[in-house]
Visitor: 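I'd like to ask you about the structure that follows.
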Amino acid sequence: MLDLAFVRENVERVEEKLAERGVPGGLDSFRKVDLERRRLLTEVEALKNRRNRASEEIGKLKQQGVDVQDRIRETRTLSDEIKRLDEEVGKLDEELRQILENLPNMPHASVPIGSSPKQNREVRRWGEPRQFSFPPRPHWELGEALGILDLARAAKITGSRFAVYWDLGAKLERALANFMLDAHGREHGYREVLPPAIVNSASLFGTGNLPKFAGDLFHLENTDWWLSPTAEVPLTNLFRDEVLDAAELPIKLMAYTPCFRSEAGSYGKDTRGIIRQHQFQKVEMVKFAHPDTSHQELESLTNDAEAILQKLGLPYRVVLLCTGDMGFSSAKTYDLEVWLPHSGEYREISSCSNFESFQARRANIRFRTGGKGKSEFVHTLNGSGVAIGRTWIALVENYQQEDGSIVIPEVLRAYLDGAERITAEGRLVPK
RNA sequence: GGAGGAAUGGGUGAGUGGUUGAAACCGGCGGUCUUGAAAACCGUUAGCGUCGAAAGGCGCUCGGGGGUUCGAAUCCCCCUUCCUCCGCCA
């Protein structure tokens with residue numbers, strides 16, 4: 001959420017910035033409602049002042065034993081008028097609140113302007129896509145053939161866009177999680193957290209998922225609970241309504257959690273395989289940073305995610321999203337895209353964003369320097385470090401052999417009882 | 001799930017209708033004293049909104065929301081969270 005006073009004082013600049021994001025319509029209704037609200041507010045506050053003085057007076061007179069019936073009657077009329085005006089102000093408050101809550105964040109100056117992913121800017125590449133001496137197969141074929149991935153049975157027990165992993169397929173998922181948590185914990189200084197996978201609407205409001213994007217989420221019937229779409233939500237909200245000490249910043253947290261997305265509106269997209277799932281697991285990194293250094297923190301956060309792909313030997317590129325492709329809450333986002341041989345393209349595997357004070361304002365997360373002075377909103381950041389399901393895909397596809405087996409990268413073997421290769425030998429799954 | 005109890009400023013904790021936005025203590029900050037420090041003493045110490053060029057007004061805020069009243073931290077209703085006891089349970 002943007003700051004009310006800031007928007008008021010910079011309406012035109014805000015309008016320009018939002019136009020860059022392709023937000024239709026200007027801020028005319030904002031101007032109108034804001035003005036009218038303030039006009040009414042001064043009016044009703046003047047009346048309240050009169051009422052307060054009158055009440056005080058009545059109290060005094062009553063103690064002196066003076067008859068105050070007339071005074072009371074007058075003041076009652078005043079109170080009625082106040083009540084009426086208060087309701088009007090309330091309506092305008094609500095209108096203004098809705099306008100503000102539905103404005104996306106302003107893009108950082110370094111973000112390229114554009115309306116589609118085509119205007120995203122590739123920042124760097126790492127690794128060379130492997131040259132295959134045979135036609136590489138997609139992960140769903142390899143996985144089913146090896147008996148480590150089972151989409152048919154997942155559809156039976158739950159539905160489409162769910163997966164069952166067997167044997168080394170399941171273990172690989174667990175190995176990846178542990179490998180990533182260890183790397184970020186030991187080498188990058190993130191503290192591990194295990195949060196709830198169900199969150200309330202206040203938390204989702206804080207990160208900017210609600211009220212606008214309820215359709216992307218799973219809602220638990222007759223409750224205020226939702227399945228968390230990413231650990232960003234619980235982690236960021238850990239410090240909701242709290243004041244942190246500047247000396248503690250940056251605070252770096254990570255969590256391995258399931259993530260749930262309704263994927264409404266993506267029918268027909270990525271229908272094969274496990275690219276797009278209703279449930280997937282992810283290691284997520286979240287930072288609470290000082291405003292002065294948050295953009296440096298974004299760079300290092302992105303590097304931390306990249307380190308995972310490098311250790312796994314997976315070719316990727318880093319893309320700076322343009323204004324039109326960024327998420328609602330973000331001021332600047334880098335996507336990491338990993339190379340997928342079956343489609344011969346780079347696909348998103350991590351998204352690293354600086355939200356600046358946008359989420360902090362919504363969630364009321366502040367910091368104070370030396371325990372004194374005025375508190376300020378922190379800057380929040382997060383990034384996938386990285387999405388496990390898609391890493392699983394990338395490994396299977398990039399390390400596939402002509403015989404359909406998968407070579408396990410060196411760094412993961414310790415997490416898989418020393419296994420060097422996944423083969424169909426001894427498969428458990430009935431065909 | 002059932003029965004009770006609680007929620008006040010950075011902390012502890014007073015306060016059951018009228019100068020209480022809130023005592024007292026602790027903590028924080030500034031000062032006096034001291035070679036320095038401690039102790040002691042004095043002073044100071046909420047947030048948001050709104051008007052104003054400023055100085056400074058004014059309004060709102062005692063878990064959240066509604067109500068009663070000329071007037072609510074105080075009375076009534078609803079909700080949330082926490083605690084205790086009973087039941088159930090991985």
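Every chain is numbered from 1 and lettered A, B, ... according to where its sequence line falls, protein lines coming before strand lines.
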Visitor: Quote, to the nearest angstrom, the C1' distance that separates B:G10 from B:G5.
Guide: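 Going atom to atom, C1' in each nucleotide, I get 26 Å.
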Visitor: With the sugar-phosphate defined as primed atoms, P, OP1 and OP2, and the base as all remaining atoms, what B/S/- string results for nucleotides 54-62 of chain B, 5' to 3', for protein heavy atoms under 4.0 Å?
Guide: ----BSS--
Visitor: When the ring centroid of A:Phe355 is compared with that of A:His379, is the distance short of 6.0 Å?
Guide: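 No, they do not, as the ring centres are separated by 6.0 Å or more.
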Visitor: Taking CD from A:Glu94 and C1' from B:G65, how many angstroms apart are they, rounded to a whole number?
Guide: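 My rounded result for the distance is 14 Å.
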Visitor: Expressed in angstrom and rounded to an integer, what is the separation of A:Leu61 atom CG from B:G71 atom P?
Guide: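 Rounded to whole Å, this separation is 16 Å.
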Visitor: A:Glu36 CD to B:G49 P: how many Å, rounded?
Guide: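 Going from CD in A:Glu36 over to P in B:G49 covers 20 Å.
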Visitor: Mind calculating the distance between CG (A:Leu47) and C1' (B:U50) to the nearest angstrom?
Guide: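 Taking atom C1' of B:U50 as the reference, CG of A:Leu47 is at 14 Å.
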Visitor: Among the candidates B:C51, B:G49, B:C70, find the nucleotide nearest to the side-chain atoms of A:Arg38.
Guide: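 Per side-chain heavy atoms of A:Arg38, the pick is B:C51.
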Visitor: Please state the P separation for the pair B:U69 and B:U74 - nearest whole angstrom.
Guide: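 After rounding to an integer number of Å, I get 16 Å for this pair.
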Visitor: Strictly below 4.0 Å: does A:Arg8 bring a side-chain N or O up to OP1 or OP2 of B:U50?
Guide: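 Answer yes for this pair, as a side-chain N or O of A:Arg8 is under 4.0 Å from OP1 or OP2.
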Visitor: Between A:Glu56 (CD) and B:G21 (P), how many Å, whole number?
Guide: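 Atom-to-atom, A:Glu56 to B:G21, this comes out as 9 Å.
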Visitor: Can you measure A:Asp245 atom CG to B:G28 atom P for me and round it to whole angstrom units?
Guide: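 Checked: the CG to P distance equals 14 Å.
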Visitor: To the nearest 0.5 Å, what is the distance between CZ (A:Phe179) and CG (A:Asp182)?
Guide: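 Interatomic distance, A:Phe179 CZ to A:Asp182 CG, rounded to 0.5 Å: 9.0 Å.
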Visitor: Establish, for the pair A:Arg261 and A:Phe218, whether the NZ or CZ atom is under 6.0 angstrom from the six-membered ring centre and no further than 45 degrees off its axis.
Guide: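 Negative - A:Arg261 is either too far from the ring of A:Phe218 or too far off its axis.
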Visitor: Ring centroid separation for A:Phe358 and A:Phe328, is it under 6.0 angstrom?
Guide: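 When the ring centroids of A:Phe358 and A:Phe328 are compared, they turn out to be within the sub-6.0 Å range.
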Visitor: Among A:Lys332, A:Lys287, A:His295, which residue meets the side chain to side chain donor-acceptor pair (under 3.5 Å) test with A:Asn354?
Guide: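 Going through the options one by one, the only one that passes is A:His295.
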Visitor: Quantified in whole Å, what is the C1' atom distance between nucleotide B:C25 and nucleotide B:C78?
Guide: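 Straight-line distance between the two C1' atoms is 36 Å.
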Visitor: If we take the P atom in both B:G43 and B:G52, what is their distance in whole Å?
Guide: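 Taking atom P in both B:G43 and B:G52, they lie 37 Å apart.
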Visitor: Respond yes when some side-chain nitrogen or oxygen of A:Ser79 is under 4.0 Å from OP1 or OP2 of B:G71, and no when none is.
Guide: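 Looking at the OP1 and OP2 atoms of B:G71, one of them is under 4.0 Å from a side-chain N or O of A:Ser79.
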Visitor: Round to the nearest Å and state the distance from A:Leu244 atom CG to B:G10 atom C1'.
Guide: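 Rounded to the whole Å, the gap is 14 Å.
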